[in-house]
There are 2 protein chains.
Amino acid sequence: MTTEHTAESLAKTLRGAIIRFSRRVRQARPVGDLTFSQLSALTSLQLAGALTPRELADVERVQPPTMTKIVGKLEERGLVARTPHPTDGRQVILAATDEGRAVYASHERARNEWLAVQLDQLSPEERDTLARAAEILQRVARA
Amino acid sequence: MTTEHTAESLAKTLRGAIIRFSRRVRQARPVGDLTFSQLSALTSLQLAGALTPRELADVERVQPPTMTKIVGKLEERGLVARTPHPTDGRQVILAATDEGRAVYASHERARNEWLAVQLDQLSPEERDTLARAAEILQRVARA
DNA sequence: CATGCTCATTAGCTAGGCTAAGTATCGTGA
DNA sequence: TCACGATACTTAGCCTAGCTAATGAGCATG
């Protein structure tokens with residue numbers, strides 16, 4: 001059964017749900033672990049293999065100076081390396097280091113633990129709903 | 001058709017979708033408008049009628065000092081009023097002022113405009129998926 | 001009525017986001 | 001070829017949002 005949802009009331013509900021959900025997930029972070037934003041950037045980098053700061057900023061939907069900061073933190077910890085672009089002296093290539101990949105994998109597991117436990121308690125149908133919602137949200141975010 | 005979604009892979013996908021979506025919605029904020037957090041707090045206050053700071057912090061899933069700050073901003077703008085608790089001198093009652101309600105309504109509309117337009121372009125089924133996902137996310141956030 | 005708990009706030013910190021401005025490099029048209 | 005506009009990244013400076021720890025005020029109870 002498909003209830004009628006106006007775009008306006010849905011917008012309000014969705015915003016509320018997402019801000020609270022984000023905060024809840026943020027709270028589940030172990031101390032010393034990568035932050036939400038850092039982990040997201042590192043994930044995007046690994047999925048893509050290597051990206052320029054501009055490209056990474058676009059993927060992550062932030063402005064370039066913001067990405068400079070986030071990458072700076074990751075670089076301090078030796079998780080990401082900057083290498084010069086082979087032909088264009090202005091650009092920089094970002095890639096995860098070996099340590100970055102290793103730390104990523106373990107932190108990712110720990111980071112997801114709480115969430116995975118919660119999701120595991122849902123029905124398969126509910127998980128499916130969330131998976132489809134995630135796809136839709138990605139699409140809307142790209143607009 | 002219901003594809004199989006493991007809790008782990010879903011956790012990763014969901015987190016990525018939500019962080020990007022949040023950032024995108026945040027970017028759509030007109031200058032001088034209420035922030036994401038301020039609007040969310042004001043919404044919760046209006047829905048509940050009146051709350052103590054502690055209650056509001058719980059609803060919004062933040063720590064009390066964080067809520068003190070957010071409420072402080074709203075109070076500066078005359079949108080929320082603090083009144084003493086009738087019997088317990090420690091507590092405070094927070095409620096939206098008349099101006100708060102008026103400003104809320106217009107800002108809410110403006111704030112949702114971008115999002116509502118995006119949602120309006122989705123199919124009814126997709127909106128339904130998002131509505132059900134919002135309900136699930138609320139539930140998980142409460143856990 | 002003293003002591004311990006709860007509520008709210010203050011203080012101080014970090015991260016994350018933005019815009020504006022600066023710097024280096026590229027590419028192109030005269 | 002070289003001056004100039006465009007592009008890529010960073011720096012500087014600002015604000016919000018979040019946290020923990022500590023403070024102060026009021027309640028409640030032995």
Side-chain angles (χ1 to χ4, degrees), chain A residues 18-42 44 50-77 80-94 111 141, chain B residues 18-42 50-58 60-77 80-94 111 141:
Chain A
I18 282 181
I19 193 171
R20 287 174 191 74
F21 180 82
S22 298
R23 284 170 176 158
R24 185 65 186 81
V25 171
R26 220 173 269 269
Q27 282 172 3
R29 172 168 77 97
V31 288
D33 203 349
L34 298 171
T35 65
F36 216 45
S37 295
Q38 289 166 15
L39 187 52
S40 181
L42 191 49
S44 293
L51 292 171
T52 67
R54 158 71 66 180
E55 290 167 337
L56 184 53
D58 285 347
V59 170
E60 290 290 308
R61 302 237 56 124
V62 296
Q63 294 301 310
T66 300
M67 192 44 69
T68 295
K69 278 194 193 179
I70 295 172
V71 168
K73 294 268 159 52
L74 292 172
E75 202 185 11
E76 268 176 25
R77 296 175 64 162
V80 161
R82 286 179 165 92
T83 54
H85 190 284
T87 63
D88 188 337
R90 295 167 302 179
Q91 295 188 47
V92 172
I93 305 294
L94 302 173
R111 196 77 164 77
Chain B
I18 282 181
I19 193 171
R20 288 174 190 76
F21 180 80
S22 297
R23 295 207 271 231
R24 185 65 187 80
V25 170
R26 222 172 265 270
Q27 282 172 2
R29 172 167 77 97
V31 288
D33 204 346
L34 298 170
T35 66
F36 216 44
S37 295
Q38 291 166 12
L39 187 52
S40 181
L42 191 50
L51 292 171
T52 67
R54 158 73 64 181
E55 290 167 336
L56 184 53
D58 285 347
E60 290 289 309
R61 301 237 59 123
V62 296
Q63 295 302 310
T66 300
M67 192 45 69
T68 296
K69 277 194 196 179
I70 295 173
V71 168
K73 294 268 159 53
L74 292 172
E75 203 186 10
E76 268 177 24
R77 298 174 62 160
V80 161
R82 283 179 166 94
T83 55
H85 190 285
T87 63
D88 188 338
R90 294 167 301 180
Q91 296 186 48
V92 172
I93 305 292
L94 302 174
R111 196 79 164 74

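What you are looking at is a predicted structure, and each value in this text was computed from that prediction instead of being measured. We name chains A, B, ... by the order of the sequence lines, and we start the count at 1 in each one.
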Report, as a single string ordered 5' to 3', how protein heavy atoms within less than 4.0 Å touch nucleotides 22-30 of chain D: B base, S sugar-phosphate only, - not at all.
-> ----BS---
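Side-chain atoms of A/S22 come within 3.5 Å of backbone N or O of A/I18 as a donor-acceptor pair. At distances below 3.5 Å, at least one donor-acceptor pair connects side-chain atoms of A/R23 with backbone N or O atoms of B/E60. Checking side-chain atoms of B/R20 against main-chain N and O of A/V59 turns up a donor-acceptor pair under 3.5 Å.
For the pair A/V92 and B/Q63, nearest-nucleotide mapping onto DNA chain D gives the more 5' position to A/V92. DNA chain C is contacted by both B/T68 and A/I70; B/T68 maps to the nucleotide lying nearer its 5′ end (nearest heavy atom per residue). Along DNA chain D, the nucleotide nearest A/I19 and the nucleotide nearest A/M67 are compared for position; the residue whose nucleotide lies closer to the 5' end is A/M67.
If you take CG of A/D58 and P of C/dG17, they are 15 Å apart, rounded to a whole angstrom. B/L51 has its CG atom 14 Å from the P atom of C/dC7, to the nearest Å. Look at CD on B/Q38: it is 14 Å from C1' on D/dG18, rounded to the nearest Å. When the P atom of C/dA15 is taken as reference, atom CG of A/L39 falls 15 Å away, rounded to whole Å. D/dA8 atom P lies 14 Å from atom CG of A/L94, rounded to whole Å. Taking atom CG of residue A/L34 and atom C1' of nucleotide C/dA15, one finds them 13 Å apart after rounding to whole Å. Following rounding to the nearest Å, B/F36 (CZ) and C/dG16 (C1') show an atom-to-atom distance of 14 Å. Put simply, CZ on B/R82 is 12 Å from C1' on C/dC7, counting in whole angstrom units.
B/S37 comes within contact range of the sugar-phosphate backbone alone, with a heavy-atom separation under 4.0 Å but no base atom that close. Here B/T66 lies in heavy-atom contact (under 4.0 Å) with a base. Within the 4.0 angstrom heavy-atom criterion, base atoms lie near B/P64. Base engagement by B/K69 is indicated by at least one non-hydrogen atom pair under 4.0 Å involving a base atom.
Interatomic distance, CG of B/L74 versus CZ of B/R82, reported as 9.5 Å (0.5 Å rounding). Taken to the nearest 0.5 Å, the CZ atom of B/R90 stands 11.0 Å off from the OG1 atom of B/T52.
Contact annotation: B/T35 side-chain N/O to D/dA17 OP1/OP2 distance is under 4.0 Å. A sub-4.0 Å separation between OP1 or OP2 of C/dG17 and a side-chain N or O of B/R23 is present.
Between B/R77 and B/D33, the closest heavy-atom pair is NH1-O, 4.1 Å. Of all heavy-atom pairs spanning A/A41 and A/I70, the tightest one is CB-CG2, 4.0 Å.
Side-chain atoms of A/P53 and A/V92, non-hydrogen and from C-beta on, do get closer than 4.5 Å to each other.
Residue A/V62 places its side chain closer to C/dG17 than to any other of D/dT16, C/dG17, C/dA15.
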